[in-house]
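Below: the structure, in structure tokens.
The analysis underlying the following values was restricted to heavy atoms, covering all of them including side chains, and did not include hydrogens, waters or symmetry mates. Convention: sequence-line order gives letters A, B, ...; per-chain numbering from 1.
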Amino acid sequence: MSKIVILGAGIAGHTAASHLRRKLGKEHEVLVVSPNSNYQWVPSNIWVGVGRMKPKEVIFPLEPLYKKKGIGYKQAKAVSFHPEGDMQENTPYVIAEYVVGENKGKQEKIIYDYLINATGPRLAFDQTEGLNPGENNMYSVCTYGHAEHAAQGLKELEDKLKNSDKKLKILIGTGHPKATCQGAAFEYILNVENELRRKGLRDKTEITWISNEYDLGDFGMDGMLLSYKGLRMKSSEMVEMVFEDRGIKWILQAGVTKVEPGKVYYETLDGEDKVEEYDFGMLIPAFAGHPFKAYDKNGEDITPKLFRGFMIVDADYSEKPYEKWTVQDWPETYQNPDYPNIYAPGIAFAPPHSISRPRMSKNGTPIFPSPPRTGMPSGITAKLVADNIIDQIKGKKSNIHKGSLGNMGAACIASAGFGLTKGSAVSITTFPIVPDYEKYSKTGGRDIRKTFGEIGLAGHWVKYALHIGFLWKAKMKPFWWLIPE
Amino acid sequence: MSERISKFEKFKMQNPVIQFFKFFFLNFRILNVVAKGHGGTRDKAYKDKR
Ligand SMILES: Cc1cc2nc3c(=O)[nH]c(=O)nc-3n(C[C@H](O)[C@H](O)[C@H](O)COP(=O)(O)OP(=O)(O)OC[C@H]3O[C@@H](n4cnc5c(N)ncnc54)[C@H](O)[C@@H]3O)c2cc1C
């Protein structure tokens, strides 16, 4: 009998838990430890953030589902890792702290045979002074709660616009010099623009994109060359076309350092300090690792063996210049090299380096996107981790399931507006996610047959179908496993 | 605001009939990218396959 403990019930953790439960006999225990009692389909938060969906449409409670399916659940947060056990017992364990109910604040030792750390990012609003969702007219769409709040803020802005002739400023993008998840901000700016246009308020607003990207369409993936209507076009050109067409201005190479009521302070790659005014803002914060600690059996601090911000896995973390980076640096099994029964899929693993070229400002501030790890790779890496654990439990050859971001495709269906006939999306696929400049040397590191762009209503329907399909899958409804990650 | 996407293009982008067919085509193309498997990059087979 084996016990598999999964920390986190986001896309990665929940995917791993559901596959493990389906494929393993009841003699094996699957236990999920996560502080949020709900599962959320994060990609649809964009629609919550413009008031087109209610939070209840993007979430469902985990406990009843887990009870029905035979998955254990503790509403708690992991605090420390003890991969060798301690002086009393050799069994590895984690310490988790309950976050609700009568046990709130109580810590518990949870032993495991296999541990999956799928705790995603810590939304590090604290790394940018004044950037707090809901304060200073600045919002976030990173969680359904934040997104609901953003929708209220947008509604208030719309009311102001209706009652005055003053032009108001909207600022959307990244809120830290090394922020990631540009795709989410890109979707949000297009949705906000679409909403205002549909309500006849667009002319009264100035909408600006602010980002740490060097070029438009970098998306933390070093941009891409893609095929669009039979032509080869850079993602920067495609995004520029969309922004210009919608009258969206842009500020690039900007590392936001501070937010005050109505003012965003940023440094540029040229080393200049600038200020941008705004009336409504949504800036993505830095994504940081959780402040976990790790100890060996003697109680010595071994945190650096497990974490470098995020969790250390089978990546090549040696320091080397951008020109020397290869896809082989990227992990394949998401297994910790020192403790092979610990894995970290989804956003929880420490990437070897960024994907976009790193750039420093004249003052030495790093201003470039951190690598994004979107929903699709989060699901795929979680499933392959589950499959490798299942193989080990069943005594088969271990770690045959591999999935490097350098040999995996992704689809980014960026919503550009909601509605059965008025919706739209900028759909971009890319293969591989991390460019292999050696293998695809003539096409910007990507397989051009699998890297394409498409704009239009069909993309919105695809994104909506994904919303329905992935919630079906997450709820483990009949034949859920047939839906790919 | 400059009209970078022509009115005719926009019509095609939002026309439900055209987009209905595009929807299936787009799904097919996306599945072709994401559901065709993934793997490692360190083995010889990957490096040899150009
Ligand atoms: C607004 C927005 C829109 C997006 N749109 C898309 C999209 O269209 N397509 C796409 O592919 N990707 C999209 N993404 C990215 C996608 O949501 C992420 O890649 C994905 O959620 C990562 O999954 P994860 O499970 O690794 O992390 P998360 O989803 O962040 O899950 C982490 C889990 O760990 C739990 N946790 C946190 N701390 C602890 C702890 N101490 N102990 C135990 N558990 C803990 C959390 O409660 C949560 O359940 C979007 C992201 C955002 C913010």
Side-chain angles (χ1 to χ4, degrees), chain A residues 202 229 240-248 326-333 376-377 380-381 384 401-411 413 420-425 427 429-432 434 436 438-440 447 449-452 454-462 465-466 484-485, chain B:
Chain A
R202 179 65 182 90
K229 295 192 180 295
E240 184 182 306
M241 177 178 85
V242 173
F243 276 3
E244 281 195 345
D245 193 71
R246 292 189 174 208
I248 297 172
T326 67
V327 278
Q328 283 76 32
D329 301 342
W330 287 79
E332 300 185 330
T333 61
M376 197 171 288
I380 292 174
T381 54
L384 75 88
H401 303 277
K402 292 178 179 174
S404 163
L405 265 54
N407 188 5
M408 185 189 293
I413 316 296
L420 184 63
T421 56
K422 296 233 162 66
S424 180
S427 310
T429 65
T430 170
F431 188 99
V434 175
D436 187 338
E438 232 173 82
K439 192 164 185 163
Y440 307 108
D447 182 343
R449 290 163 306 170
K450 294 184 179 174
T451 305
F452 66 87
E454 188 66 61
I455 306 174
L457 177 60
H460 170 72
W461 292 339
V462 172
L466 291 177
E485 266 48 60
Chain B
M1 214 175 280
S2 56
E3 205 176 87
R4 285 286 306 269
I5 305 173
S6 70
K7 286 213 170 81
F8 183 56
E9 265 313 310
K10 276 187 193 144
F11 164 76
K12 286 195 287 179
M13 282 173 180
Q14 294 305 128
N15 182 290
V17 179
I18 299 171
Q19 293 296 312
F20 179 76
F21 293 103
K22 251 255 148 95
F23 173 72
F24 292 102
F25 183 54
L26 194 55
N27 271 311
F28 171 76
R29 285 186 84 187
I30 291 171
L31 273 177
N32 189 37
V33 175
V34 298
K36 263 210 170 158
H38 46 80
T41 56
R42 295 173 191 157
D43 51 60
K44 200 169 167 304
Y46 173 83
K47 288 181 182 166
D48 288 349
K49 211 170 129 199
R50 297 266 140 189

- Top contributor to chain B interface from A:Thr333, A:Ile380, A:Asp447 [non-hydrogen pairs under 4.5 Å]: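 The option with the most such pairs is A:Ile380.
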- Task: Among the options A:Ser404, A:Gly459, A:Ala458, A:Gly409, pick out the one with the most heavy-atom pairs lying under 4.5 Å from chain B.
- Result: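 Top count of heavy-atom pairs under 4.5 Å with chain B: A:Ala458.
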Quick one: what part of [X] sits under 4.5 Å from any heavy atom of chain B, side chain, backbone, both or neither?
X        : value
A:Thr451 : neither
A:Leu405 : neither
A:Thr421 : both
A:Ala411 : both
A:Leu420 : neither

- In terms of heavy-atom proximity below 4.5 Å to chain A, should B:Leu31 be classed as side chain, backbone, both, or neither? side chain
- Query: Any side chain to side chain donor-acceptor pair (under 3.5 Å) pairs touching residues 11-26 of chain B, not counting sequence neighbours?
  - Reply: A:Glu454-B:Lys22, B:Glu9-B:Lys12
- Item | Reference residue A:Thr429; test side chain to side chain contact (heavy atoms under 4.5 Å, CB included); the match among B:Val33, B:Asn32, B:Leu26 | B:Val33
- So do B:Thr41 and A:Glu332 actually touch side chain to side chain, heavy atoms under 4.5 Å?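 A:Glu332 vs B:Thr41: side chains touch.
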- Task: Just say parallel, tilted or perpendicular for the rings of B:Phe28 and B:Phe25, cut-offs at 30° and 60°.
- Result: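 Correct class here is parallel.
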- Task: Taking side-chain contact (heavy atoms from CB on, under 4.5 Å) as the test, write out the residues that go with B:Arg4, two or more places apart.
- Result: A:Glu240, A:Met241, A:Glu244, A:Asp245, B:Ser2
- Assess A:Lys229 against A:Phe452: is NZ or CZ under 6.0 Å from the centre of the six-membered ring, and within 45 degrees of the ring's axis? no
